[in-house]
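Beneath this line is the structure, given in structure tokens, with notes to follow.
Please read these numbers as outputs of a predicted model, since none were measured by experiment. Excluded from the calculations below are hydrogen atoms, water molecules and symmetry mates; all remaining heavy atoms, backbone and side chain alike, are included.
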Amino acid sequence: MKVLKIPQIILCMIVVLLMGSILSAEGNPPLRPDSPFGITAVWPAPFPNQWNTDAELATLRSKYMPKLDSTQSCGIAWVKCQSVPFPLEDWYSSHFKFEAFDSLVVFLQEKDLYPMILLSPPPWGPWNSERALHTYIPLYYRVIVERYDGDGEGLMISCDSFPEVCDTCDTCNPYLFISEMENLTKPLKYWEVCNEPNLAGGTIYGHEWFLDDFRVFLRRVSEAVHNADSTAKVLAPAVSPALPDTWNDRHGNHYYFGADSIWRAVLSIMHDTIFDTIIDSIVTETSDSLSRCTVDTFFHIDTILPLPNAIDIITVHQYGDANSSSYSPAGKAAALDSCKMLVDSILDEFNQPHRPIWCTETGWMTVPQSVGHAVPYDSQAIYYVELLDSLVKRRDWLERTTFFALAHVEVVGGQLQHWGIMEIDSANNALIPKPAYYAYKDYIKGTMSRIYGRGIRWRQLMRVAGSYITGGDYLGLTAL
């Protein structure tokens, strides 16, 4: 038997104590891209400038972006950025202003966060016009993706091709070059197209929002994203199937969508037979005085042919009905199961492979919100844990869960919607954690440690010490 000297015993005890203090220290596991945990960051965007003025940019940098610190401290790896700056003032200007968007990207990469960037229709119009869908939208969204795709190239725009959006044609330079963002260390790869389009109520930013327009918009944006970056992922359609709504077509007809018809209408852009049926129905509903050729030209059928890879990741919002069991944690999980089966069945019908599913919004509003389905703070925290327990078990197909929201949502008039896991202290420009914040943080810490084996427990440390005492291989930590 090996006989230890007193100095060796003391040294062994010191090593164990030091390792234990380091490995058991408070703090979260490192943020990882395969983490299933996310949060939505939303703040009121000034209309119509979208952070492009100096004053708005200063507000974005000083008031809103620092709140993302709380995401990192909570251990949340994924952030759905819902209030994204628009780097263009209007369709007819080539003066792209990337300062606000760049600032957001720099802040995200400094905090080692993984963003999902929302690509919504811009606040000016008419973005759903024939010219916009054919020319402006593909150009505008390709410019954004090219700037942040990390390939080091950028994009050269010919003014001969896009005279309406490139006013440098009047100068000696016939091209407009969009450079890649400097010091980009974490390229943006996940782009979500639209947010709850089925609940838009027929308008977005005061412009009509037709079902036909959404399908074309989704296809055109997806094309732009993939043409700019073949490694990027398009997330869509972020529908909220538990809350169906009416949706108009271009001819003033009203349709009431349940979950099945919502998914079928959206996913049809990936399947030729269904898409042709939709086009035929449009032609049938159009006046007999219009020829098929005229209708084809108007709807740009040649440019909206089926696109099998239009959507890489299926996104869904799951809030449930406040007046039914679907509002409970178990009810939300069951509703996501039903959504999974429905989407898979439609993809099977369209001969499409199954896609990963991300729940990019879910959660509970808390009191003192004056609505019937608001819950107490403690209940929100308990519901988070119960829902997380259910969803983590579904990680084989539900890759991400993004709660709504990081902080209470500011709406027009300065009022707050109490969805957040943090309260807003407006006087001190600070966030105050609610019980749900601590519940989410503790759950993430425990789950990430369990999934990825972070940390070495005290009994493992004693095995290390024991190996040392008995002359074993005490450096084999990975075998513990």
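Note that Arg147 lies outside the cation-pi zone of Phe101, set by a 6.0 Å cut-off to the ring centre and a 45° limit from the axis.
Atom CG of Asp344 and atom CH2 of Trp263 lie 10.5 Å apart (nearest 0.5 Å). To the nearest 0.5 angstrom, Leu188 atom CG is 9.5 Å from Asp229 atom CG. Atom CG in Leu398 sits 12.5 Å away from atom CD1 in Ile314 (nearest 0.5 Å). Summarising the geometry, atom CD belonging to Glu223 is positioned 10.5 Å from atom CZ belonging to Arg142; distances are rounded to the nearest 0.5 Å. To the nearest 0.5 Å, atom CZ of residue Arg355 and atom CG of residue Asn309 are 6.0 Å apart. In this structure, the separation between CZ on Phe404 and CD1 on Ile421 is 12.0 Å, given to the nearest 0.5 Å.
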> When you look at Phe217 and Leu119, which way does the side-chain contact (heavy atoms from CB on, under 4.5 Å) test go after all the steps?
Replying inline: CA-CA 11 Å; Phe217 180 84; Leu119 297 179; 5.9 Å; no

> Passes side-chain contact (heavy atoms from CB on, under 4.5 Å), Thr447 versus Phe37? Steps please.
Replying inline: CA-CA 10 Å; Thr447 302; Phe37 305 111; 3.9 Å; yes

> Which is it for Ile117 and Val105 under the side-chain contact (heavy atoms from CB on, under 4.5 Å) test, yes or no, and what are the steps along the way?
Replying inline: CA-CA 10 Å; Ile117 303 296; Val105 173; 5.9 Å; no

>> Could you go through Phe350 and Arg264, starting from their C-alpha distance and side-chain angles, then the distance that decides it, and tell me whether this counts as side-chain contact (heavy atoms from CB on, under 4.5 Å)?
In response: CA-CA 10 Å; Phe350 292 173; Arg264 187 171 297 277; 4.1 Å; yes

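Between the Ser73 side chain and the Ser70 main chain, a donor and an acceptor come within less than 3.5 Å of each other. Judged purely by atom type and a 3.5 angstrom limit, Lys80 has no side-chain atom pairing as donor or acceptor with the backbone of Val42. Although no hydrogens or angles enter the test, the distance criterion places a donor-acceptor pair under 3.5 Å between the side chain of Glu180 and the main chain of Gly150. Looking only at distances, no side-chain donor or acceptor of Thr360 sits under 3.5 Å from a matching main-chain atom of Thr402. A side-chain donor-acceptor contact under 3.5 Å links Thr362 to the backbone of Gln318. Remark: side-chain polar atoms of Ser103 are paired, donor with acceptor, to backbone N or O of Glu99 under 3.5 angstrom. Judged purely by atom type and a 3.5 angstrom limit, His418 has no side-chain atom pairing as donor or acceptor with the backbone of His408.
By the ring-ring contact (aromatic ring centres under 6.0 Å, His included) test, Tyr383 is found to be paired with Trp364, residues two or more places apart in sequence or in another chain being considered. Partners of Phe403 according to the ring-ring contact (aromatic ring centres under 6.0 Å, His included) rule, which considers only residues two or more places apart in sequence or in another chain, are Tyr384, Tyr440. Listed by chain and residue number, Tyr114, Tyr190, Trp358 satisfy the ring-ring contact (aromatic ring centres under 6.0 Å, His included) test with Trp78 (two or more places apart in sequence, or in another chain). Contacts of His226 classified as ring-ring contact (aromatic ring centres under 6.0 Å, His included), with partners at least two apart in sequence or in another chain: none. In this structure, the side-chain hydrogen bond (donor to acceptor under 3.5 Å, both in side chains) partners of Thr185, at least two apart in sequence or on a different chain, are Gln109.
Side-chain contact of Lys111 with Thr71: a donor-acceptor pair under 3.5 Å is absent, judged by distance alone. Checking Thr315 against Glu192 by side-chain atom types alone, a donor-acceptor pair falls below 3.5 Å.
Between Lys186 and Asp112 the shortest side-chain heavy-atom distance falls below 4.5 Å. Side chains of Val221 and Ile137 form a contact here, defined as non-hydrogen atoms less than 4.5 Å apart. Put simply, the side chain of Leu104 reaches to within 4.5 Å of the side chain of Leu68, judged on heavy atoms. With contacts defined as side-chain heavy-atom distances shorter than 4.5 Å, the pair Lys332/Leu391 does not qualify. Side-chain contact between Arg61 and Leu57 is present, with at least one heavy-atom pair separated by less than 4.5 Å. No side-chain heavy atom of Lys67 sits under 4.5 Å from any side-chain heavy atom of Met422. The closest side-chain heavy-atom distance from Leu113 to Ile76 is not below 4.5 Å. At a threshold of 4.5 Å between non-hydrogen side-chain atoms, the residues Asp69 and Phe107 count as touching.
Nearest approach of Pro121 to Cys194, heavy atoms of both residues: CD-SG, 4.1 Å. When all heavy atoms are compared, the tightest approach of Cys339 to Val316 is SG-CG2, 4.0 Å. Of all heavy-atom pairs between Arg32 and Ala77, the closest is O-CB, 3.5 Å. The two residues Val143 and Ile178 have their closest heavy-atom pair at CG1-CG2, 3.7 Å. The heavy-atom pair separating Pro85 from Leu60 by the smallest distance is CG-CD2, 4.2 Å. Among all heavy-atom pairs drawn from Val225 and Trp191, the shortest one is CG1-CD1, 3.8 Å.
Trp51 and Tyr64 have perpendicular rings, their planes meeting at more than 60° on a 0 to 90° scale where under 30° would count as parallel. Ring geometry for His317 versus Tyr319: interplanar angle over 60°, hence perpendicular rather than tilted (30 to 60°).
Annotation for Lys233: atom NZ does not count as buried by contact number, only 12 or fewer foreign heavy atoms lying within 6.0 Å.
Sorted by first and then second residue, the salt bridge (Lys or Arg N to Asp or Glu O under 4.0 Å) pairs involving residues 390-405 (not counting sequence neighbours) are Asp337-Arg394.
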